[in-house]
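Reminder, nothing fancy here: chain letters follow the sequence lines and each chain counts from 1.
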Amino acid sequence: MSQTKLPAIAQGTKRRSRIRRLGLRDLPLDAVDLAKYLIGKTLVHDLPKVRLSGRIVETEAYLEGDAAAHSFRGMTPRNRSLFLERGHAYVYFCYGAHYMLNVAAGAAGIGTGVLIRAVEPIEGIEQMKRWRHTDRLLDLARGPGRVAAAFKIGKPLDGENLCGDGNLWLGSAAKPAGPIGESVRIGITKDAHRVLRFYERENPFVSGPKRLNA
DNA sequence: AGTGCGATTGACT
DNA sequence: GTCAATCGCACTA
């Protein structure tokens with residue numbers, strides 16, 4: 001009796017169970033804690049024919065009373081998803097060309113969140129290459145606009161609950177996160193001195209200038 | 001109704 | 001390294 005030949009479906013089940021969906025209770029309440037917590041966790045987008053997934057390797061926190069946060073001047077039609085309970089997606093369109101994915105933080109009514117700035121691709125790499133119009137693995141999801149493009153994230157996913165049973169979700173870490181680095185946030189002009197950017201050190205999929213990634 | 005600008009990217013000197 | 005593209009939205013009037 002051979003044990004080596006498992007049915008394909010059983011192998012698939014076993015492989016998939018390495019990553020479990022994160023629930024609301026898994027997410028720290030505080031935006032800074034959440035930004036650090038998400039490093040190393042998995043971002044998954046299940047499309048009809050393919051699963052896109054990757055390790056989150058760079059994040060930024062946006063807080064209450066933070067002039068750089070979109071919520072600074074209160075709720076508007078654009079930023080309302082940022083005020084949802086933690087774990088919801090806030091997808092924002094910027095520079096006339098790029099979408100960016102945030103994970104809302106805090107309780108409902110609090111406009112804080114975490115920007116996903118870079119992801120190390122794991123599954124669906126061929127599709128990501130096609131959509132991103134590049135074969136360079138390192139460039140697929142290095143930068144917030146690229147993350148959204150590689151993972152096919154656009155306005156329709158704004159407000160999605162990433163801790164529910166939807167197609168876009170957060171998963172546990174496939175591999176534990178390495179040492180976490182900190183720096184100021186990239187590309188902002190207000191409250192620019194605050195150290196609210198977090199990344200996995202020595203990971204080549206992290207964006208940003210070298211001086212910030214020491 | 002008009003204006004300014006942004007949590008960026010890709011192309012180019 | 002520099003720089004233009006591009007457009008939805010918030011703000012002013």
Trainee: Please give the nucleotide sitting opposite B:dA7 as a Watson-Crick or G-U wobble pair, both distances under 3.5 Å, or none.
Mentor: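 Paired with B:dA7, as far as the under-3.5 Å criterion goes, is no nucleotide at all.
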Trainee: Should A:Arg117 be listed as having a side-chain N or O under 4.0 Å from OP1 or OP2 of B:dT8?
Mentor: yes
Trainee: In whole Å, what is the span from the NZ atom of A:Lys190 to the C1' atom of B:dG4?
Mentor: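 After rounding, the reported distance stands at 12 Å.
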Trainee: Of all the nucleotides listed (C:dC9, B:dA7, B:dG6), which has the minimum atom distance to the side chain of A:Arg78?
Mentor: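 Nearest nucleotide to the side chain: C:dC9.
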Trainee: For the residue pair A:Arg185 and A:Tyr62, would you count it as a cation-pi contact if the rule is NZ or CZ under 6.0 angstrom from the ring centre and within 45 degrees of the ring axis?
Mentor: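 Output yes; distance and angle both within limits.
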Trainee: For A:Asp135 and B:dG10, give me the distance from atom CG to atom P, rounded to whole Å.
Mentor: 14 Å
Trainee: Specify the separation, in whole Å, of atom CZ of A:Arg142 and atom P of B:dT8.
Mentor: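 After rounding, the reported distance stands at 14 Å.
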Trainee: Anything under 30° is parallel, anything over 60° is perpendicular, the rest tilted; go ahead and classify A:Tyr99 against A:Phe93.
Mentor: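 Answer is tilted, since the angle falls between 30° and 60°.
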Trainee: Taking the side chain of A:Arg73 as heavy atoms from C-beta outward, which of B:dG10, B:dA7, C:dC11 is closest to it?
Mentor: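 Nearest to the side chain of A:Arg73 among the choices is C:dC11.
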Trainee: Taking NZ, NE, NH1 and NH2 as the nitrogens, is one of them in A:Glu182 or A:Arg197 under 4.0 Å from a carboxylate oxygen of the other?
Mentor: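 So A:Glu182 does not pair with A:Arg197 through a salt bridge.
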Trainee: For A:Ile180 and A:Arg201, which heavy atoms make the closest approach, and how far apart are they?
Mentor: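 Nearest heavy atoms, A:Ile180 then A:Arg201: O-NE, 3.9 Å.
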Trainee: Provide, to the nearest angstrom, the distance between the CG atom belonging to A:Asp191 and the P atom belonging to B:dG6.
Mentor: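 In whole Å, B:dG6 P and A:Asp191 CG are 14 Å from each other.
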Trainee: Mind checking if A:Arg185 touches a base, just sugar-phosphate, or nothing, with heavy atoms under 4.0 Å?
Mentor: nothing
Trainee: What's the shortest heavy-atom distance between A:Leu101 and A:Val91, and which atoms?
Mentor: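 Heavy atoms only, the tightest pair is CD1-CG2, 4.2 Å.
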Trainee: Side chains of A:Ser71 and A:Thr112, heavy atoms from C-beta outward: is any pair under 4.5 Å?
Mentor: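 No. Closest side-chain heavy atoms not under 4.5 Å.
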Trainee: Among B:dA7, B:dG6, B:dT9, find the nucleotide with the atom closest to the side chain of A:Tyr95.
Mentor: B:dG6
Trainee: What is the pairing partner of C:dT6, taking Watson-Crick or G-U wobble pairs with both distances under 3.5 Å in any strand?
Mentor: none
Trainee: Take the protein atom CG of A:Leu101 and the nucleotide atom P of B:dT8, then report the distance between them rounded to whole Å.
Mentor: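 So the two atoms are 14 Å apart, to the nearest Å.
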Trainee: Expressed in angstrom and rounded to an integer, what is the separation of A:Arg136 atom CZ from B:dG10 atom P?
Mentor: 10 Å
Trainee: A:Leu196 CG to B:dA7 P: how many Å, rounded?
Mentor: 14 Å
Trainee: If you check the A:His98 side chain, which of B:dA7, C:dC9, B:dT8 turns out closest?
Mentor: B:dT8
Trainee: Do A:Tyr92 and the base of B:dA7 stack face to face, with centres under 5.5 Å apart and an angle between planes under 30°?
Mentor: no
Trainee: Whole Å only: how far is the CZ atom of A:Phe72 from the C1' atom of B:dC5?
Mentor: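 My rounded result for the distance is 17 Å.
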Trainee: Just checking A:Ala68: base, sugar-phosphate only, or nothing, at a heavy-atom cut-off of under 4.0 Å?
Mentor: base
Trainee: Which residue, A:Cys94 or A:Thr76, contacts DNA chain C at a nucleotide closer to its 5' end, judged by nearest heavy atom?
Mentor: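 It is A:Cys94, whose closest nucleotide lies nearer the 5' terminus.
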Trainee: If you check the A:Phe93 side chain, which of C:dG8, B:dT9, C:dC9 turns out closest?
Mentor: C:dG8
Trainee: With a 4.0 Å cut-off on heavy atoms, is A:Arg132 in touch with a base, just the backbone sugar-phosphate, or nothing at all?
Mentor: sugar-phosphate
